[in-house]
Amino acid sequence: MEANNSQVHQRIATIAAHLNPSNNSPTEGPLGLERGICRAKGGSAGFKVAILGAAGGIGQPLAMLMKMNPLVSVLHLYDVVNTPGVTADISHMDTGAVVRGFLGQQQLEGALTGMDLVIIPAGVPRKPGMTRDDLFNINAGIVKTLCEGIAKCCPKAIVNLISNPVNSTVPIAAEVFKKAGTFDPKRLLGVTMLDVVRANTFVAEVLGLDPREVDVPVVGGHAGVTILPLLSQVKPPCSFTQKEIDYLTDRIQNGGTEVVEAKAGAGSATLSMAYAAVKFADACLRGLRGDAGIVECSYVASHVTELPFFASKVRLGRTGVEEIHALGPLNEYERVGLEKAKKELAASIQKGVSFVNK
Ligand SMILES: NC(=O)C1=CN([C@@H]2O[C@H](COP(=O)(O)OP(=O)(O)OC[C@H]3O[C@@H](n4cnc5c(N)ncnc54)[C@H](O)[C@@H]3O)[C@@H](O)[C@H]2O)C=CC1
Ligand SMILES: O=C([O-])CC(=O)C(=O)O
């Protein structure tokens, strides 16, 4: 039966009120708007996930892909701009997750409360000629503020940190959580999955294999020489010429720069990053659900080297990072690479720690 005029006007007024950025309540899609007249409640089973920076180049495709994930029952999209539009758009997808939008600092608390997983792609991306560390001055403050919100509103959530420079932003997040008394090293994960995704792709190209059959461990961190592919541990077992090793190591370490240069000022990797972020978030959610044997590379608080943070294979479970794998046997080429990586990582970690404790 069609709605009468006054019902239609009421619907429009309610939608307008909720999509208005000056409104303090979340910018919900129609399902949330009309709780009074809709039978669907949403969010009964599955996990609650928030994306901070959801209107950005990574955030939008990431939001779309998370809306398609059957493990997600509630999806909160937070940004300082444009969430009403992104939320309205994504909320029309006929998948299970209920989507709600949150706009601006005053709605951060609503975005975070009750979340099981928080994914953070907020912050500025590189332009040609910049290093990831050149983003520190802007992104460090953004990550600090968002993590203060997490410590307050959902201290038990798993955090997937994407914002660069990851080598420093993860230590920043850890310091914020320590200050708040909520730090749990098992729940803070720097996302280095794109390095693994690239490594699998480039190695598969060289070997003439399907990338889905290839598994390349990438350890260290997420910038230049700190990205250390362990080509001696590739699965399925294989061997490379020295020329292939030099080519692959260089291409994997500089994959981000390859995209930044190709985009010529229009940002850095967004689509492959959203894919990698969803692959990683899905692994975290399957771990939370209790699935066994989930192992991915991530940059975490770690004891595999003398550094306080390091990326390596970790096993994900109900409490987050349940086991950190040792690096395994390295060849001479990888041992030299490891020393270089550790030197740069040590400085990036210290920079992050000092930022919070200055
Ligand atoms: N870990 C990794 O492998 C990768 C990391 N990145 C990093 O991800 C970050 C985001 O990249 P893009 O999405 O391309 O950038 P973008 O500029 O397209 O989007 C960033 C979004 O963050 C939002 N934002 C800014 N300040 C915020 C705040 N205080 N709270 C919430 N949202 C805020 C912006 O409004 C924007 O919508 C960059 O730092 C980039 O370097 C990018 C690719 C790979
Ligand atoms: O290169 C960048 O600035 C973005 C990034 O981290 C990547 O694509 O790996």
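Quick caveat: nothing in here was measured; it's all calculated off a predicted structure. Whatever order the structure lists them in is the order used to number ligands and atoms, beginning at 1.
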What part of [X] sits under 4.0 Å from ligand 2 if we count only heavy atoms: the side chain, the backbone, both or neither?
{"X": "M273", "result": "neither"}
{"X": "R198", "result": "side chain"}
{"X": "D195", "result": "neither"}
{"X": "L135", "result": "neither"}

Original post:
With a 4.0 Å cut-off on heavy atoms, does V259 reach ligand 2?
Top reply: no
Original post:
Touching ligand 2 at all, H222? Heavy atoms, strictly under 4.0 Å?
Top reply: yes
Original post:
Can you check ring-ring contact (aromatic ring centres under 6.0 Å, His included) on Y247 and F202, steps first, answer last?
Top reply: CA-CA 10 Å; Y247 161 79; F202 304 155; 7.6 Å; no
Mode of [X] contact toward ligand 1 - side chain, backbone, both, neither (heavy atoms, under 4.0 Å):
{"X": "V166", "answer": "side chain"}
{"X": "P121", "answer": "backbone"}
{"X": "H222", "answer": "side chain"}

Which of the ligand 1 atoms, numbered from 1, are nearer than 4.0 Å to a heavy atom of [X]:
{"X": "A269", "answer": "42 (C), 43 (C)"}
{"X": "V81", "answer": "35 (O)"}
{"X": "Y78", "answer": "30 (N), 31 (C)"}

Protein contact of [atom] - nearest heavy atom, named by residue and atom, plus distance:
{"atom": "atom 29 (N) of ligand 1", "result": "I142 CG2, 3.6 Å"}
{"atom": "atom 17 (O) of ligand 1", "result": "P125 CD, 3.4 Å"}
{"atom": "atom 1 (N) of ligand 1", "result": "I162 O, 3.0 Å"}
{"atom": "atom 20 (C) of ligand 1", "result": "G123 O, 3.1 Å"}
{"atom": "atom 4 (C) of ligand 1", "result": "M273 SD, 3.5 Å"}
{"atom": "atom 14 (O) of ligand 1", "result": "T270 CG2, 3.5 Å"}
{"atom": "atom 33 (C) of ligand 1", "result": "A122 CB, 3.7 Å"}
{"atom": "atom 1 (O) of ligand 2", "result": "R126 NH2, 2.7 Å"}
{"atom": "atom 19 (O) of ligand 1", "result": "G56 CA, 3.2 Å"}

Check whether the side chains of [X] and [Y] place a donor and an acceptor atom closer than 3.5 Å, and report yes or no.
{"X": "E109", "Y": "T113", "result": "no"}
{"X": "T257", "Y": "R126", "result": "yes"}
{"X": "T270", "Y": "K263", "result": "yes"}
{"X": "N164", "Y": "N139", "result": "no"}
{"X": "T226", "Y": "N167", "result": "yes"}
{"X": "Y299", "Y": "D195", "result": "no"}

Ligand 1 to [X] polar contact by distance, N or O atoms, under 3.5 Å:
{"X": "L146", "result": "no"}
{"X": "G57", "result": "yes"}
{"X": "D79", "result": "yes"}
{"X": "R126", "result": "no"}
{"X": "N164", "result": "yes"}

**OP:** Could you tell me whether Y275 atom OH has more than 12 heavy atoms of other residues or ligands within 6.0 Å of it?
**Re:** no
Original post:
Applying a strict 4.0 Å limit to heavy atoms, is G267 in contact with ligand 1?
Top reply: no
Original post:
So is L52 in contact with ligand 1, going by heavy-atom distances below 4.0 Å?
Top reply: no
Is any side-chain heavy atom of [X] less than 4.5 Å from a side-chain heavy atom of [Y]?
{"X": "K313", "Y": "I324", "answer": "no"}
{"X": "Y78", "Y": "L112", "answer": "no"}
{"X": "E175", "Y": "N357", "answer": "yes"}
{"X": "V191", "Y": "I119", "answer": "no"}

Subject >> Under 4.0 Å to a heavy atom of G256 - the qualifying atoms of ligand 2, by number >> reply: 1 (O), 7 (C), 8 (O), 9 (O)
**OP:** Report, in ascending order of atom number, the atoms of ligand 2 lying under 4.0 Å from any heavy atom of A269.
**Re:** 8 (O)
Subject >> Selection from I58, N160, N139 by shortest heavy-atom distance to atom 8 (O) of ligand 1 >> reply: I58
Original post:
Which one of V124, V80, V260, L135 has a non-hydrogen atom at the shortest distance from atom 39 (O) of ligand 1?
Top reply: V124
**OP:** Applying side-chain contact (heavy atoms from CB on, under 4.5 Å), run through I120 and V159 and close with a yes or a no.
**Re:** CA-CA 8 Å; I120 311 182; V159 177; 3.9 Å; yes
**OP:** Using a strict cut-off of less than 4.0 Å between a Lys/Arg side-chain nitrogen and an Asp/Glu carboxylate oxygen, indicate whether K144 and E148 qualify as a salt bridge.
**Re:** yes
Original post:
Are D133 and K351 ion-paired here, with the side-chain N under 4.0 Å from a carboxylate O?
Top reply: yes
Original post:
If every non-hydrogen atom of L207 is compared with every non-hydrogen atom of C238, which pair is closest and at what distance?
Top reply: CD1-SG, 3.7 Å
[X] (side chain) donor-acceptor with [Y] (main chain) under 3.5 angstrom:
{"X": "D116", "Y": "K48", "value": "yes"}
{"X": "R315", "Y": "G293", "value": "no"}
{"X": "S298", "Y": "V300", "value": "no"}

Original post:
Backbone or side chain, does any N or O of R132 fall under 3.5 Å from an N or O of ligand 2?
Top reply: yes
